[in-house]
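Before any comments, here is the structure.
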Amino acid sequence: MPELPEVEVTRRSFADRIAGATVQQLAMGKPLRWPLGCDPVQLQGARVHGVSRRGKYLLMHTSHGVLLWHLGMSGSLQFAPALPARGVHDHADLRTDLGVLRLHDPRRFGAVVWCPDLDAPVARKLLGGLGPEPLTDAFDAQAFARALKLKRASIKQVLLAGDLVVGVGNIYCSEALFLAGIRPTCRADRVSVARAVRLHAAIRSVLERALAMGGSTLRDFSNAQGQTGYFQMDAAVYGRAGEPCRACGTPIRQIRQGQRSTFFCPVCQAR
DNA sequence: AGATGTCCCTGGAAGC
DNA sequence: TGCTTCCAGGGACATC
């Protein structure tokens, strides 16, 4: 379940190594979340300039356009000089003169999408509505607090929506709200400026910590040890329904918001 | 227009 | 033991 920290760690693991490569062939497997959007032959001969990240998308900049990679919920990328024959869940192989970049994605919520450039309609559709990056100055506490005042949905759903800040997935959302002492069901416009500022800091703190641990997560993942690492992360509330809150001992409660599980401490997150 | 619900997909766990 | 059902997740799209 890659969230922003793992996507970033993934990026760092191959961006430098693939820069300067020339694409020989893009081989696609079973259909993914969205179609590639072009004939793979068009990418042959493209030179890879670099790989950046926007939210949970990886942007591979090439001489022939931008290739977007999304890991969905079960995707992982591997880049190596050579790889064994594709398995049943390997749905994209980008073969270059420097190695093969492979998307492994059992649940196929991921995607590889080609955009001629970042102004193209498909790029605008996928990237245009994204909010500020949480770990940059673009994510401003005061602006965040003001924006919350315009939203009536629950704070949990507003954070997940991705237009006020990107990269806060279901797991880190529960964790950040716990850290900030805010109940997930609280209406966003009823979060005071002071509490919004705390939440802003909590989001950064949770993501930065996960990013720092993401390295070990990814190594475990690529070593096929099984878990993706969220369970090594020692979550404060996520996945701990019924277990005692580490701060006050009250059993952690689990509810559903928008078809998704939310975890919180009813005492530490009183409102 | 903003909020909410639905769907895509598959493997693993839980329930019968 | 073997079947069925449920659940996890991000995000586009449909509906209210």
Side-chain angles (χ1 to χ4, degrees), chain A residues 1-8 10 28-37 53-59 68-77 87-92 103-113 115 120-131 133-134 146-176 184-191 203 206-207 210 214 217 221 224-231 233 235 237-242 254-263:
Chain A
M1 306 171 213
E3 297 203 15
L4 184 146
E6 285 196 332
V7 175
E8 176 60 19
T10 296
M28 302 296 294
K30 284 187 180 178
L32 293 165
R33 177 85 199 268
W34 302 301
L36 177 63
R53 180 187 56 76
R54 183 74 178 93
K56 294 173 187 170
Y57 291 92
L58 288 176
L59 286 63
L68 300 183
W69 299 73
H70 197 294
L71 302 182
M73 68 174 286
S74 60
S76 60
L77 288 177
V88 281
H89 298 308
D90 298 328
H91 302 301
L103 174 66
H104 175 86
D105 186 4
R107 296 185 192 175
R108 291 196 277 132
F109 265 37
V112 184
V113 178
C115 310
V122 62
R124 287 181 179 276
K125 189 180 75 171
L126 295 177
L127 306 174
L130 297 182
E133 286 290 328
R146 283 195 301 273
L148 289 182
K149 292 292 176 196
L150 304 175
K151 303 282 187 182
R152 296 173 193 225
S154 70
I155 185 65
K156 160 86 187 293
Q157 298 197 263
V158 167
L159 289 183
L160 281 184
D163 43 355
L164 297 196
V165 60
V166 293
V168 182
N170 201 44
I171 294 168
Y172 297 130
C173 196
S174 280
E175 295 297 304
T185 51
C186 179
R187 270 175 51 162
D189 60 356
R190 294 189 180 152
V191 174
I203 289 168
V206 164
L207 292 179
T217 292
F221 196 79
Q225 296 298 314
Q227 291 298 4
T228 57
Y230 289 105
F231 304 100
M233 222 190 76
V237 290
Y238 188 85
R240 298 192 63 239
Q254 176 176 9
I255 59 172
R256 287 186 82 75
Q257 289 178 283
Q259 319 288 83
R260 301 241 158 97
S261 288
T262 300
F263 300 84

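Lettering of chains follows the sequences in order, A, B, ..., and the numbering in each one begins at 1. These numbers were taken from a predicted model, which means no experiment stands behind them.
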> Pick the nucleotide of DNA chain C nearest each of A:S261 and A:K125; which residue has the one closer to the 5' end?
Replying inline: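 The residue closer to the strand's 5' end, by nearest nucleotide, is A:S261.
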> Once you round to the nearest 0.5 Å, how far does CZ of A:F109 lie from CZ of A:R33?
Replying inline: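 Nearest 0.5 Å value for the CZ-CZ distance: 6.5 Å.
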> What's the spacing between A:Q157 CD and A:T262 OG1 if we round to 0.5 Å?
Replying inline: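 A:Q157 CD to A:T262 OG1: 7.5 Å, rounded to 0.5 Å.
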Could you pull out all donor-acceptor pairs under 3.5 Å where a side-chain atom in residues 159-170 of chain A meets a protein atom, sequence neighbours excluded?
| from | atom 1 | to | atom 2 | distance (Å) |
| --- | --- | --- | --- | --- |
| A:D163 | OD2 | A:K151 | NZ | 3.2 |
| A:N170 | OD1 | A:K156 | NZ | 3.0 |
| A:N170 | ND2 | A:S261 | O | 3.1 |

[N] [atom2] sits how many Å from [X] [atom1], rounded?
| X | N | atom1 | atom2 | value |
| --- | --- | --- | --- | --- |
| A:L130 | C:dG10 | CG | C1' | 12 Å |
| A:L150 | B:dA3 | CG | C1' | 14 Å |
| A:L68 | C:dG11 | CG | P | 12 Å |
| A:L58 | C:dG10 | CG | C1' | 15 Å |
| A:W34 | C:dG10 | CH2 | P | 12 Å |
| A:L4 | C:dG11 | CG | P | 10 Å |
| A:D163 | B:dA1 | CG | P | 15 Å |
| A:F263 | C:dC7 | CZ | C1' | 11 Å |

> Side-chain contact, heavy-atom cut-off 4.5 Å: A:R53 with A:L4?
Replying inline: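 A side-chain contact under 4.5 Å exists here.
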>> Could you tell me if the side chain of A:H91 sits less than 4.5 Å from the side chain of A:R108, heavy atoms only?
In response: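 Yes, at least one pair of side-chain atoms sits under 4.5 Å.
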Output a table of nitrogen or oxygen pairs between the protein and nucleotides 14-16 of chain C separated by less than 3.5 Å.
none

>> Can you list everything that forms a side-chain hydrogen bond (donor to acceptor under 3.5 Å, both in side chains) with A:R152? Sequence neighbours excluded, please.
In response: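 Partners of A:R152 under the side-chain hydrogen bond (donor to acceptor under 3.5 Å, both in side chains) test: none.
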>> So, using side-chain hydrogen bond (donor to acceptor under 3.5 Å, both in side chains) as the criterion, who are the partners of A:R187 when residues are at least two apart?
In response: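 With sequence neighbours excluded, A:R187 shows a side-chain hydrogen bond (donor to acceptor under 3.5 Å, both in side chains) to A:D189, given in chain and number order.
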>> Output one letter per nucleotide in nucleotides 5-11 of chain B: B when a protein non-hydrogen atom lies under 4.0 Å from the base, S when only the sugar-phosphate is that close, - when neither is.
In response: -B-BBBB
> How are the rings of A:W34 and A:Y57 set to each other: parallel, tilted or perpendicular (split at 30° and 60°)?
Replying inline: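 It falls in the parallel class, under 30°.
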>> As a check on the pairing definition, encode DNA chain C in dot-bracket form, counting Watson-Crick and G-U wobble pairs whose two distances are under 3.5 Å, and using | for partners outside this strand.
In response: .|||||||||||||||
> Side chain of A:K151: nearest nucleotide among B:dA3, C:dA12, C:dG10?
Replying inline: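 Side chain of A:K151 sits closest to B:dA3.
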Looking at every strand, decide which applies to [X] at a 4.0 Å heavy-atom threshold: base, sugar-phosphate, or nothing.
| X | value |
| --- | --- |
| A:L160 | nothing |
| A:R256 | sugar-phosphate |
| A:G169 | sugar-phosphate |

>> Run the side-chain contact (heavy atoms from CB on, under 4.5 Å) test on A:L58 and A:L68 for me, step by step, so that the C-alpha distance in whole Å, both residues' side-chain angles and the decisive distance to 0.1 Å come before the verdict.
In response: CA-CA 6 Å; A:L58 288 176; A:L68 300 183; over 6 Å; no
Can a donor-acceptor pair be found, under 3.5 Å and without considering hydrogens, that links the side chain of [X] to the backbone of [Y]?
| X | Y | value |
| --- | --- | --- |
| A:R54 | A:L130 | yes |
| A:E133 | A:G55 | yes |
| A:K149 | A:V191 | yes |

